[in-house]
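Being a predicted model, the structure only gives us computed values, none of them experimental. The figures that follow rest on heavy atoms only: side chains count, while hydrogens, waters and symmetry mates do not. Below, chain A is the first sequence line, B the second, and so on; all start at residue 1.
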Amino acid sequence: MVEGGCWRCGSRVEPRDMEQWFLRITRYADDLLDGIETLDAWPDKVLTMQRNWIGRSEGARVRFSVDVDGAEPVYIEVFTTRIDTIFGATVVLLAPEHELVDRFAVEAPDPEGFGRRVQQFRSQDRTDRLTGAVEKEGFDTGRTAQNPFTGEGVPIWVANFVLADYGTGAVMAVPAHDQRDFEFARKYGLPVQVVIQPADASEPVDGATMESAYAGPGTLVHSGEFTGRSTEDAAAFMATAAEARGVGQATVQFRLKDWGVSRQRYWGTPIPIIHCPACGLQPVPYADLPVELPDVVEFTGRGDSPLAQIPEFVNVACPSCGGAARRETDTMDTFFDSSWYFYRYCDPTNETEPFDPERVRYWAPVDFYIGGVEHEILHLIYSRFFCRVFKDLGRVVHDEPFTKLLTQGMVLRDGAVMSKSKGNVVDPDKMVARFGADALRLYEMFVAPPEKELEWTDTGLEGSYRFLNRVWRLVTAVAPVVAAVSGDRGSLPLDAGHRALRRKTHQSIRRVSSDLDPRVHLNTAVSALMELVNDLYAFCEQQGLAPHGTTEAYPADHVSGQTAGVLAEAVDALVLMLSPFAPHLCEELWEHLGRQGGLVTATWPEFDPDVARADEIVVPVQVNGKLRGRLTVATDISDDALRAAARADPSVQSHTDGRTIARVVVVRRQLVNIVVKGA
RNA sequence: GCGAAAGUGGCGGAACUGGCAGACGCGCCGGACUUAGGAUCCGGUGGCCUCACGGCUGUGGGGGUUCAAAUCCCCCCUUUCGCACCA
């Protein structure tokens, strides 16, 4: 919406009251909140957001009786988390939408003026009111209510900052102990009654002179029989007292609202309800489910649902009395479908029910769920809700639908989220046509860690394309050699160059495997594969196999058994490990290599720790923490031998000569640091 | 305002448990091959000083802990994300 109109066509957008269908997700609010504690393989960020979204707050509801003429008593119920401050409640504030406001307007001496002021608040932009962009304002209704604890009358005001749809839409204002109420009271000259004194204050808080509200803990004062209690235990005690007196009770309030699923559009699941003039609302019988969308539809832009214009769809017999009835024409929010599709995936051809519980018991919960960051709250909370509903229905046995979660970042271009409305999209079809789906996929995996947003660059994609070409040339060139190798490899004695390639191969397998699982660092997995390819090119050059950049295959009979063996091992592993990133290309290469059965039947390569281990290691030597030399030593060198070698190194000695060696730190097989003193 | 995460070359990013900062890629520079190259291959590439060997410096800024800090602690700055009058 832009300036009260549709952002695309400019049509006027207006609020209307409508009949809507809701799912009672609030019934699961506590359970959804508690379940968060068990989601230890979800990002903390998502858990925090869900906690905020559910927004549990403990407090109390308290009834203030309104002074009215007439027999029926009228109450204003407020929600407060600080019932301990109720003796300082000097005003009751109503949201402009509160139901009593209209009655007060009618009974007011100047109904028109009253109504105008209410209307002014109500017409303030909703978002502005919610975010506090508009100034906090209010006016006195001229009515009073009784504070049930003090028994004193307090004025009732209407205030634009009171939220109509949270709690009861009415609050008690305690200016001395709530900053918003304080500012409001000072602005309109309302009384500030201190009822909490901080325990450690050198000067007591004074309502006449204080410059901001005191919201901290302390001791109750001016609070009748509760005076002297600490704020910690007063809340529960006073809530109990309120209940005993019949004026309130402790309660838990949630920010989470019931889920409004009604949509007046065609593309959605029909809500399976039938309106019968005689029997009322009737659910569509189980045997008639699911209600399917009619094929014939006209989009008129009239404002009601397109379904409402199709008599064959709307007119049905009541399942209860058989009389003429009307089918509900609202469809459901598409989030409804995405909340349980993963269960349907376990049993996609089932014609009689949504899914077979046995199948879902076998497959679910989802081990590892990857989705966009934009679904961190709604989709994931709805799915968790469905999981609970299904569990209560006996259809699933697990508590949470997704064991491990990764939320992937969005694609940015020129620093902004890529979207049609911003006009900065890159057409994936064009990219695929030019570079292939594999290059595009590889680029997206390589350029950034998956949970981060991805900054699009054309040159980056070209780089991935180049890499795939490089792989293609290499593998097709060595294919005849490799295809001839099968079974036992590398049992022949190897020289240093061959051993180095084998080592690189096994190190790469180790790295790529752990980068995929459990680390899910896809970008570093790709870079490990790039390193392997670089080494393979160097190896081929070293072996004099062929000029680079040609597409000519190497003649198999000119290659030694050792060379063919290590090459086969490296290239097989390369193609297998690259296949999740570039599946089409690798499938084809696999065939070139003469491997049978396709990649789906191949097993992931395994590394041999002994082969992956280096013959020699390079150990840096520092003097006072600064790098002064490197030692190439045997892998199994002892700390003492390493220490001696470090001290004997000429370039190290030039920094230690004439100084006293205070200490030598040896980190096994990793580093030596010589600490010296003196000039 | 509250909360969380993050700040590393020209750019995207790497550095797993405190142990050689800058892997890998992009870009750029040089070379080879070539009629040609916007193809391919090889080499170089944080900054400063130096012909060179080498030295100094460097992970947002400032302090601290440590033999050793991008990494841990404190303060500050910036950015991003979330929440945002929830009584």
Determine the interatomic distance between [atom1] on [N] and the same-named atom on [M]; round to the nearest Å.
{"N": "B:G55", "M": "B:G7", "atom1": "P", "answer": "30 Å"}
{"N": "B:C74", "M": "B:A84", "atom1": "P", "answer": "29 Å"}
{"N": "B:C24", "M": "B:G38", "atom1": "C1'", "answer": "23 Å"}
{"N": "B:A5", "M": "B:G10", "atom1": "C1'", "answer": "26 Å"}
{"N": "B:A15", "M": "B:U71", "atom1": "P", "answer": "15 Å"}
{"N": "B:A4", "M": "B:C76", "atom1": "P", "answer": "14 Å"}
{"N": "B:C67", "M": "B:G60", "atom1": "C1'", "answer": "27 Å"}
{"N": "B:A21", "M": "B:C33", "atom1": "P", "answer": "38 Å"}

What is the distance, rounded to the nearest whole Å, between atom [atom1] of [X] and atom [atom2] of [N]?
{"X": "A:Asp165", "N": "B:A87", "atom1": "CG", "atom2": "C1'", "result": "14 Å"}
{"X": "A:Asn624", "N": "B:C56", "atom1": "CG", "atom2": "C1'", "result": "16 Å"}
{"X": "A:Lys452", "N": "B:A6", "atom1": "NZ", "atom2": "C1'", "result": "8 Å"}
{"X": "A:Tyr166", "N": "B:A84", "atom1": "OH", "atom2": "C1'", "result": "13 Å"}
{"X": "A:His375", "N": "B:C81", "atom1": "NE2", "atom2": "C1'", "result": "17 Å"}
{"X": "A:Glu183", "N": "B:G1", "atom1": "CD", "atom2": "C1'", "result": "11 Å"}
{"X": "A:Glu451", "N": "B:A6", "atom1": "CD", "atom2": "C1'", "result": "12 Å"}
{"X": "A:Phe467", "N": "B:A39", "atom1": "CZ", "atom2": "P", "result": "18 Å"}

**Report entry** Where the chi angle of B:G7 falls, syn if within 90° of 0 and anti if not
**Finding:**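 Nucleotide B:G7 adopts anti.
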Taking only N and O in the side chain of [X], is any of them less than 4.0 Å away from OP1 or OP2 of [N]?
{"X": "A:Arg628", "N": "B:C56", "result": "yes"}
{"X": "A:Lys626", "N": "B:G55", "result": "no"}
{"X": "A:His655", "N": "B:G55", "result": "yes"}
{"X": "A:His177", "N": "B:A87", "result": "no"}
{"X": "A:Arg82", "N": "B:A87", "result": "no"}

Base partner of [N], which must satisfy Watson-Crick or wobble distances under 3.5 Å:
{"N": "B:C56", "result": "B:G47"}
{"N": "B:C67", "result": "B:G19"}
{"N": "B:G1", "result": "B:C83"}
{"N": "B:C11", "result": "B:G25"}
{"N": "B:C33", "result": "none"}
{"N": "B:U78", "result": "B:A6"}

Do the side chain of [X] and the main chain of [Y] share a donor and acceptor less than 3.5 angstrom apart?
{"X": "A:Thr457", "Y": "A:Gly460", "answer": "yes"}
{"X": "A:Thr85", "Y": "A:Val174", "answer": "no"}
{"X": "A:Asp84", "Y": "A:Ala235", "answer": "no"}
{"X": "A:Arg669", "Y": "A:Thr635", "answer": "yes"}

**Report entry** Smallest separation among heavy atoms of A:Asp649 and A:Arg630, with atom names
**Finding:**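 Scanning both residues, the minimum pair turns out to be OD1-O, 4.4 Å.
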**Report entry** Least distance between heavy atoms, A:Ser464 atom then A:Ala439 atom
**Finding:**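 Closest pair (atom of A:Ser464, atom of A:Ala439, distance): CB-O, 3.8 Å.
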Query raised in the report: With the threshold set at 4.0 Å, does a side-chain nitrogen-carboxylate oxygen contact exist between A:Asp639 and A:Arg668?
Result: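 Salt bridge between A:Asp639 and A:Arg668, a charged N being under 4.0 Å from a carboxylate O: no.
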Requested in this report: Report the residue from A:Val621, A:Val664, A:Ile617, A:Leu631 that forms a side chain to side chain contact (heavy atoms under 4.5 Å, CB included) with A:Leu642.
Outcome: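 Between A:Leu642 and the candidates, side chain to side chain contact (heavy atoms under 4.5 Å, CB included) is satisfied uniquely by A:Leu631.
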Query raised in the report: In terms of the nearest nucleotide of RNA chain B, which residue is placed more toward the 5' end: A:Met172 or A:Ala448?
Result: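 Nearer the 5' end of the strand: A:Ala448.
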Report task. With heavy atoms under 4.0 Å as the rule, sort A:Lys257 into base, sugar-phosphate or nothing. Result ->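 Nothing, no nucleic acid heavy atom in range.
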Query - Sugar-phosphate only, base, or nothing, as touched by A:Arg669 at under 4.0 Å among non-hydrogen atoms - result: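 No contact.
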Report task. With the side chain of A:Val447 defined as its heavy atoms from C-beta on, choose the nearest nucleotide among B:A87, B:C16, B:G12. Result ->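 Selected nucleotide (nearest to the side chain): B:G12.
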Query raised in the report: Side chain of A:Arg255: nearest nucleotide among B:U40, B:C83, B:A87?
Result: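 Given the options B:U40, B:C83, B:A87, the side chain of A:Arg255 is closest to B:C83.
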Query raised in the report: Which residues pass the salt bridge (Lys or Arg N to Asp or Glu O under 4.0 Å) test with A:Glu451, sequence neighbours left out?
Result: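 Residues passing salt bridge (Lys or Arg N to Asp or Glu O under 4.0 Å) with A:Glu451: none at all.
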Query raised in the report: When the ring planes of A:Trp259 and A:Tyr382 are compared, do they come out parallel, tilted or perpendicular, using 30° and 60° as the limits?
Result: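 Because their plane-to-plane angle is under 30°, the rings of A:Trp259 and A:Tyr382 count as parallel.
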Query raised in the report: Which residues within residues 44-62 of chain A lie with some heavy atom under 4.0 Å of an atom in RNA chain B?
Result: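 Those residues are A:Lys45, A:Met49, A:Ser57.
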**Report entry** Identified side chain to side chain donor-acceptor pair (under 3.5 Å) partner of A:Gln50 from the options A:Glu376, A:Arg384, A:Lys45
**Finding:**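 Passing option: A:Arg384.
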Query raised in the report: Passes salt bridge (charged side-chain N to carboxylate O under 4.0 Å, His left out), A:Asp438 versus A:Arg441? Steps please.
Result: CA-CA 5 Å; A:Asp438 283 348; A:Arg441 182 181 171 91; 5.9 Å; no
Query - Sugar-phosphate or base contact per nucleotide [nucleotides 18-28 of chain B; S, B, -; heavy atom under 4.0 Å] - result: -BB--BBSSS-
